[in-house]
Amino acid sequence: MLDLKQIRENPQSVQERLNRRGVGEYDIEPILELDRCQRELETRRSHLQARGNEIGKLVGQKMKSGSVEEPEIITLKDEGNLIKAQLSELEPQEKDLKAQIEVLLLTFPNLPLDSTPIGENEEQNVEVCRWGDEYIPENPNILPHWEIGEKLGILNFERSTKVAQSRFVTLIGAGAALERALIQFMLSRQIQAGYLEVSPPFLINSQSLTATGQLPKFAEESFKCDRDDLWLTPTAEVPVTNLYRDEIIPAEQLPIYHCAYTPCFRREAGSYGRDTRGLIRLHQFNKIELVKFVHPTTSSQEHESLRQDAEAILQALKLPYRVVELCTGDLGFGACKCYDLEVWLPSAGKYREISSCSNFGDFQARRGSIRFKEAGKKGTQFIHTLNGSGLAVGRTMAAILENYQQPDGTVRIPDALQPYLGREVLVHPGS
RNA sequence: GGAGAGGUGGCAGAGUGGUCGAAUGCGCCUGACUUGAAAUCAGGUGAACCGCAAGGUUCCGUGGGUUCAAAUCCCACCCUCUCCGCCA
């Protein structure tokens with residue numbers, strides 16, 4: 001959520017930064033107008049209340065010293081009733097304005113940092129670096145991961161549609177073991193890097209989704225359990241960030257680093273024709289998520305190190321990838337800066353997103369009221385939140401099945417992963 | 001699902017109609033003592049909003065109601081805990 005005070009005090013600067021996401025998409029003028037009305041009402045209301053409080057005290061004093069029937073008391077009571085009547089008109093108006101402002105504010109995205117490249121869409125994203133060109137396979141006949149996976153007997157899509165729908169998968173035998181090994185491998189690495197593992201609820205309430213920014217604008221993207229105001233988590237970012245919602249954290253406890261494995265559930269509304277095959281775009285997938293809660297002055301450098309922690313997994317697995325910095329037009333709703341890690345998928349001949357590392361500044365902290373207090377200092381401040389995948393497990397599996405595919409149709413297991421899987425190669429069931 | 005208890009400041013926990021934004025303890029800050037720390041003693045210390053300021057307003061789970069006046073009384077709802085039932 002944007003800071004209303006900042007909008008009020010620097011409207012042109014806020015508008016300019018919103019325009020970087022897309023000219024004409026966001027107009028702060030309606031908010032400013034509502035805010036002016038609300039503050040005018042607030043002034044009037046609080047003056048009335050002040051007089052009302054005064055009357056209350058006076059009546060109390062006089063009743064102690066005199067009779068209840070004294071005319072002075074009657075007059076005061078009458079004035080009290082008059083004020084009450086006036087307030088009963090003002091208060092709902094002001095409440096309504098406040099609610100309108102809140103609703104509007106929740107639909108506004110975060111302001112991009114000045115360092116975020118300006119651009120209209122993903123074509124203007126900026127490639128930061130490439131890693132592992134030497135690991136790009138030379139074999140020109142690499143099968144897409146879903147084909148090799150089915151040949152190896154470790155993936156089954158058809159039967160999964162029977163159980164659920166399209167865009168679901170069942171992993172079998174070595175496939176299921178491979179996924180489990182990847183989860184264990186990624187978590188172990190991130191725990192070693194200093195992240196405290198958590199295993200949060202997978203069903204989460206609306207308030208949590210609102211705090212991280214999925215609601216109200218992106219309700220279509222998540223699965224909902226209607227009877228209970230609970231949703232299937234679309235990413236561990238939501239439950240993990242919300243662990244600290246409505247809390248004031250002592251500054252000396254910062255930074256807080258968490259990693260979490262969860263399944264993620266997404267409706268993928270609006271992507272009907274895209275990536276219909278394979279592990280790339282499923283309604284349910286597994287992910288290791290990294291979440292940081294940090295002091296505002298450190299969030300940029302924490303963002304860089306978060307990215308490195310995600311990259312470290314790809315490097316350990318020797319999977320070729322590149323780092324892309326999202327331009328303002330492609331930046332996620334709550335992010336002020338974001339790096340995507342894209343892994344090389346030989347069958348497609350291109351890089352595909354496998355991790356997204358975002359800095360949210362105080363955007364989520366405001367929505368979720370996550371604050372910190374510095375000992376001895378007055379008041380509280382909003383913390384900064386960051387998160388990134390470390391990594392998406394299904395896509396990692398896809399990348400391994402392709403990049404480690406051998407001409408004979410077997411798939412080598414990356415060295416670093418072998419101890420977790422207990423085997424060096426995936427072979428056809430018959431051989 | 002049934003029965004009961006409870007939701008108060010960073011935390012614990014008093015408070016049952018007025019001077020209560022709220023005792024007390026812990027924590028934290030400042031000072032004294034100390035080479036330093038600990039212990040002890042004294043003082044201070046909630047959050048949010050409006051206002052240039054003085055100052056004002058709001059907040060005791062949430063929403064309504066009664067009253068000149070509500071943490072306190074009434075109604076509804078939400079949540080947590082305990083016990084019973086069912087169940088992985």
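Because the structure is a prediction, the values reported are computed rather than measured. Just so it is clear: chains get the letters A, B, ... in the order the sequence lines come, proteins before strands, and each one is counted from 1.
- Closest approach of A:Ala260 and A:Leu187 over heavy atoms only: C-CD2, 4.3 Å.
- Here B:rU72 sits opposite no nucleotide as a Watson-Crick or G-U wobble pair (both hydrogen-bonding atom distances under 3.5 Å).
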Evaluate the side-chain contact (heavy atoms from CB on, under 4.5 Å) criterion for residues A:Ser389 and A:Ile288: first the C-alpha distance (whole Å), next the side-chain angles of each, then the deciding distance (0.1 Å), finally the verdict. CA-CA 6 Å; A:Ser389 346; A:Ile288 304 319; over 6 Å; no
Contact string for nucleotides 55-71 of chain B, one letter per nucleotide 5' to 3', B = base within protein heavy-atom range under 4.0 Å, S = sugar-phosphate only, - = neither, reads -SSS-----S--BBS--
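- With a cut-off of 3.5 Å on both Watson-Crick or G-U wobble distances, the partner of B:rA42 is given as B:rU30.
- B:rU82 is paired with B:rA3 under the criterion used here, namely a Watson-Crick or G-U wobble arrangement in which both key atom distances are under 3.5 Å.
- When the C1' atom is used for both B:rG17 and B:rG13, the distance is 23 Å, rounded to whole Å.
- Relative ring orientation between A:Phe108 and A:Tyr26 is described as tilted, the plane-to-plane angle lying within the 30° to 60° band.
- The pairing partner recorded for B:rA12 is B:rU24, the criterion being a Watson-Crick or G-U wobble arrangement whose two distances lie under 3.5 angstrom.
- Across B:rC79 and B:rG85, the matching P atoms stand 24 Å from one another, rounded to whole Å.
- A:Val294 and A:Pro255 make their closest contact through CG1-CB, 3.9 Å (heavy atoms, listed as atom of the first residue, atom of the second, distance).
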Show me the protein contacts with nucleotides 46-48 of chain B, counting only N or O atoms at under 3.5 Å.
from: B:rA47; atom 1: OP1; to: A:Gly379; atom 2: N; distance (Å): 3.2
from: B:rA47; atom 1: O3'; to: A:Arg371; atom 2: NH1; distance (Å): 3.3
from: B:rA47; atom 1: O2'; to: A:Arg371; atom 2: NH1; distance (Å): 3.3
from: B:rA48; atom 1: OP1; to: A:Thr380; atom 2: OG1; distance (Å): 2.8

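- Taking atom P on both nucleotides, B:rG2 is separated from B:rG56 by 50 Å, rounded to a whole Å.
- Residue A:Lys98 contributes atom NZ, which lies 9 Å from atom P of B:rC50 at whole-angstrom precision.
- Stacking of A:Arg307 on the aromatic ring of A:Tyr339 is recorded, both the 6.0 Å distance cut-off and the 45° axial limit being met.
- Taking a pair to require two hydrogen-bonding distances under 3.5 Å in either a Watson-Crick or a G-U wobble arrangement, B:rC77 pairs with B:rG61.
- When each of A:Thr43 and A:Pro250 is assigned the nucleotide of RNA chain B bearing its nearest heavy atom, the one mapping closer to the 5' terminus is A:Pro250.
- A gap of 30 Å separates the P atoms of B:rC11 and B:rG65, to the nearest Å.
- A:Arg21 places no side-chain N or O within donor-acceptor distance of the main-chain N or O of A:Thr328, the cut-off being under 3.5 Å.
- Between the CG atom of A:Asp246 and the C1' atom of B:rG10 there is a distance of 14 Å, rounded to whole Å.
- Counting to the nearest Å, the C1' atom of B:rC28 and the CD1 atom of A:Ile249 are 17 Å from each other.
- A gap of 9 Å separates the P atoms of B:rG46 and B:rA22, to the nearest Å.
- When the C1' atom of B:rG51 is taken as reference, atom CD of A:Glu40 falls 15 Å away, rounded to whole Å.
- Ring to ring, A:Phe265 and A:Phe223 are not that close: their centroids are 6.0 angstrom or more apart.
- Within the 3.5 Å criterion, the main-chain N or O of A:Pro112 finds no donor-acceptor partner in the side chain of A:Thr116.
- Atom C1' of B:rA70 sits at a distance of 10 Å from the matching atom of B:rG18, rounded to the whole Å.
- Counting non-hydrogen atoms under 4.0 angstrom, A:Lys5 reaches the backbone sugars and phosphates but no base.
- Going from the C1' atom of B:rC26 to that of B:rG9 covers 13 Å, rounded to whole Å.
- When ring centroids are compared, A:Phe363 and A:His384 stay outside the 6.0 Å threshold.
- Pair check for B:rC52 finds none; no Watson-Crick or G-U wobble contact set falls under 3.5 Å.
- Using a 4.0 Å heavy-atom cutoff across all strands shown, A:Arg8 reaches sugar-phosphate atoms only and no base atom.
- Counting to the nearest Å, the P atom of B:rG10 and the CD1 atom of A:Ile370 are 16 Å from each other.
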Dump the intermediate steps for ring pair (Phe, Tyr, Trp, His ring centres under 6.0 Å) on A:Phe372 and A:Phe293, then the final yes or no. CA-CA 10 Å; A:Phe372 71 95; A:Phe293 304 83; over 10 Å; no
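- Using a 4.5 Å heavy-atom threshold, the side chains of A:Leu41 and A:Arg45 count as separate.
- Taking atom P in both B:rU62 and B:rC87, the straight-line distance is 38 Å, to the nearest Å.
- One atom, CD of A:Gln207, and another, C1' of B:rC78, lie 11 Å apart when rounded to the nearest Å.
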